[in-house]
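As the structure is a prediction and not an experimental result, all values here were calculated from the model. Residues take their numbers from the sequence shown, with the count starting at 1.
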Amino acid sequence: MNSNANSAQTSSIAASIASNAARLSEALNNHMRNSFQPDSRKALRKFHPAEVSELTGISMSNLRTRHQEGDFPEVETDSRGRRLYTAQEIDQIRHVMAKTGRNGETYLPGRRKNDALQVISIVNFKGGSSKTTSAIHLAQRYALRGYRVLAIDMDPQASLTTMFGYRPEIEFAESGTVYDALKYEDPVPLSHVIRKTYFHNLDLAPAGLLLSEYETETAYALQHKLDPPFTQRLAIALDEIETNYDLVIIDCPPQLGFTTMTALLASTGLLITVVPSMLDVASMAQFLEMAGETVQTLEEAAGPIDWNFLKFLVARYEPTDVPQSQMAGFLRSILLDQVLTTPMLKSTAISDAGMTQQTIYELDPSQVVKKTLTRILESVNGVADEFEKTIQQAWGRETD
């Protein structure tokens, strides 16, 4: 085949890829619009009394009594007279309990005077390890629990951003992402790219394909000694908004490049997800070895890096899978209490919800088989609650 023929074939393949991308993008756009009618922005459902009780720690009887006594705001009721609460109303109730309830401070679990902002990177070297799933469920759970949360999408694939109802390749094709705050030429304050979400107490710093430019720009910046270096860029950006939040949860890309290292070096703690299979554990071991070597090099150059905690989350776990159970046991025998006791179960509820860019917290309970929803909620809530104790301990608070 001559060079002209090769060139024509390459051109044809490129055109085919571009055509497929355009068709897929249009189809996804239509799907998103149909899912979120009448407009294309998502909205959060309302919560039942049992859910409010679980989230706040207020008993069902006390919830009813406080409403009868007029202490709590009036809320919508359904056709059966059952109360329905918005996330904002749950937050109002929490603040009432903080002022009037016994042990009132327990109803506001976020930062207190002299507490440092907790910045948590969720990382893994391998795709498909439930990194984004874990990040968004933790962010939403903590927002519902009363924390002020900022979710930062540091992955150019922007899966976390998509889960919040955005189309990154359309809405953030040229600007509006965390890249704008990290880039070396004319960076903007992080507050300029943060978006309020449909989730009360939860904001988003979105990602997009432009974020991939950060890798090559950082290599150039290191060569030419541009300041501030990548080791400080996100930490400096966070300084501007740190008083606005209790927690920052970062979804990192599945590789150990400059973008991931920028996130890790701004973090106060790490959560590493791992699927309990031989290939995934081997990949994680490789990630840890590379990360350890990289951090050691950075510490030699810039001083010690001190994380408050490093935890491992067993994800996509199937209890009936014997090899998985054995591998999970193996991990716990090696990593001991660094592995969270509660695993994140593999569930059709999570995958089905993801088809419409939803989480289990966004699903209407009536749309899911009760047994299935109960099982996965126990798992996800269990993970979040266990990890919350680690966060509280980082603030020097005793936990049960």
Side-chain angles (χ1 to χ4, degrees), residues 119-132 134-136 139 150-164 166 168-169 172-190 192-194 204-224 226-239 241 248-273 283-284 286-295 297-299 301-302 305 307 310:
V119 182
I120 301 153
S121 280
I122 301 182
V123 293
N124 198 295
F125 194 55
K126 190 174 185 293
S129 63
S130 289
K131 187 172 49 60
T132 300
S134 300
I136 193 167
L150 172 64
I152 300 182
D153 194 348
M154 290 284 281
D155 188 346
Q157 295 181 67
S159 297
L160 184 70
T161 301
T162 301
M163 285 293 290
F164 278 99
Y166 293 105
E169 72 275 23
F172 306 125
E174 297 180 1
S175 64
T177 72
V178 68
Y179 168 72
D180 295 357
L182 296 177
K183 63 185 181 179
Y184 292 84
E185 185 177 347
D186 299 326
V188 303
L190 185 58
H192 288 198
V193 301
I194 290 174
L204 172 70
L209 277 176
L210 267 179
L211 183 54
S212 59
E213 297 292 324
Y214 183 70
E215 293 290 326
T216 52
E217 288 180 8
T218 298
Y220 176 88
L222 285 172
Q223 185 179 359
H224 293 81
L226 300 183
D227 285 324
F230 79 96
T231 54
Q232 300 172 18
R233 298 192 76 81
L234 181 56
I236 291 171
L238 286 170
D239 283 344
I241 51 85
V248 175
I249 294 179
I250 306 174
D251 185 23
C252 296
Q255 63 268 338
L256 192 63
F258 291 122
T259 307
T260 297
M261 289 307 303
T262 296
L264 298 188
L265 294 168
S267 298
T268 59
L270 309 184
L271 179 63
I272 299 175
T273 60
S283 175
M284 185 187 73
Q286 183 184 14
F287 169 82
L288 291 174
E289 183 178 358
M290 292 175 64
E293 291 173 354
T294 304
V295 168
T297 301
L298 291 172
E299 285 186 323
I305 297 165
W307 291 306
L310 167 61

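Rounding to the nearest 0.5 Å gives a distance of 8.5 Å between OG1 of T262 and CZ of R233. For the atom pair L234 CG and L182 CG, the distance stands at 6.0 Å (nearest 0.5 Å). Atom OG of residue S134 and atom CD1 of residue I272 lie 12.5 Å apart, to the nearest 0.5 angstrom. With rounding to the nearest 0.5 Å, the separation of CG in L256 from CD in Q286 is 10.0 Å. Separating the OG1 atom in T216 from the CZ atom in F258 is a distance of 10.0 Å, to the nearest 0.5 Å. Expressed to the nearest 0.5 Å, how far CE of M163 lies from CG of L204 amounts to 12.0 Å.
By the side chain to side chain donor-acceptor pair (under 3.5 Å) test, T177 is found to be paired with no residue, residues two or more places apart in sequence or in another chain being considered. Legend: residues meeting side chain to side chain donor-acceptor pair (under 3.5 Å) with Q157, ordered by chain and number and at least two apart, are absent.
Ring planes of F172 and Y166: tilted class, angle from 30 to 60°.
Taking the side chain as every heavy atom from C-beta outward, H192 and D180 never approach each other to under 4.5 Å. Contact check for D155 versus L160: no side-chain heavy atoms found under the 4.5 Å cut-off. Side-chain contact between D153 and F164: absent, with no pair of heavy atoms (C-beta onward) separated by less than 4.5 Å. Counting only heavy atoms from C-beta outward, the side chains of T260 and M154 never approach each other to under 4.5 Å.
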Test I152 against L238 for side-chain contact (heavy atoms from CB on, under 4.5 Å), laying out the working first. CA-CA 11 Å; I152 300 182; L238 286 170; 4.0 Å; yes

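Shown here for A221 and Y184, the closest heavy-atom pair between the two residues is CB-CE2, 3.4 Å. Pairing each heavy atom of V123 with each of C252, the nearest pair is CG1-SG, 3.4 Å. Heavy-atom minimum distance, L190 versus A205: CD1-CB, 4.5 Å. Between I250 and A263 the shortest heavy-atom distance is CG2-CB, 3.9 Å. Here the shortest heavy-atom pairing between P253 and P156 reads CB-CD, 4.2 Å. The minimum heavy-atom distance linking A135 with I122 is given by the pair CA-CD1, 3.5 Å.
Applying the salt bridge (charged side-chain N to carboxylate O under 4.0 Å, His left out) test to every pair with at least one member in residues 250-263, sequence neighbours left out, gives these pairs: K131-D251.
Between the side chain of S121 and the main chain of L270, no donor-acceptor pair closer than 3.5 Å is present.
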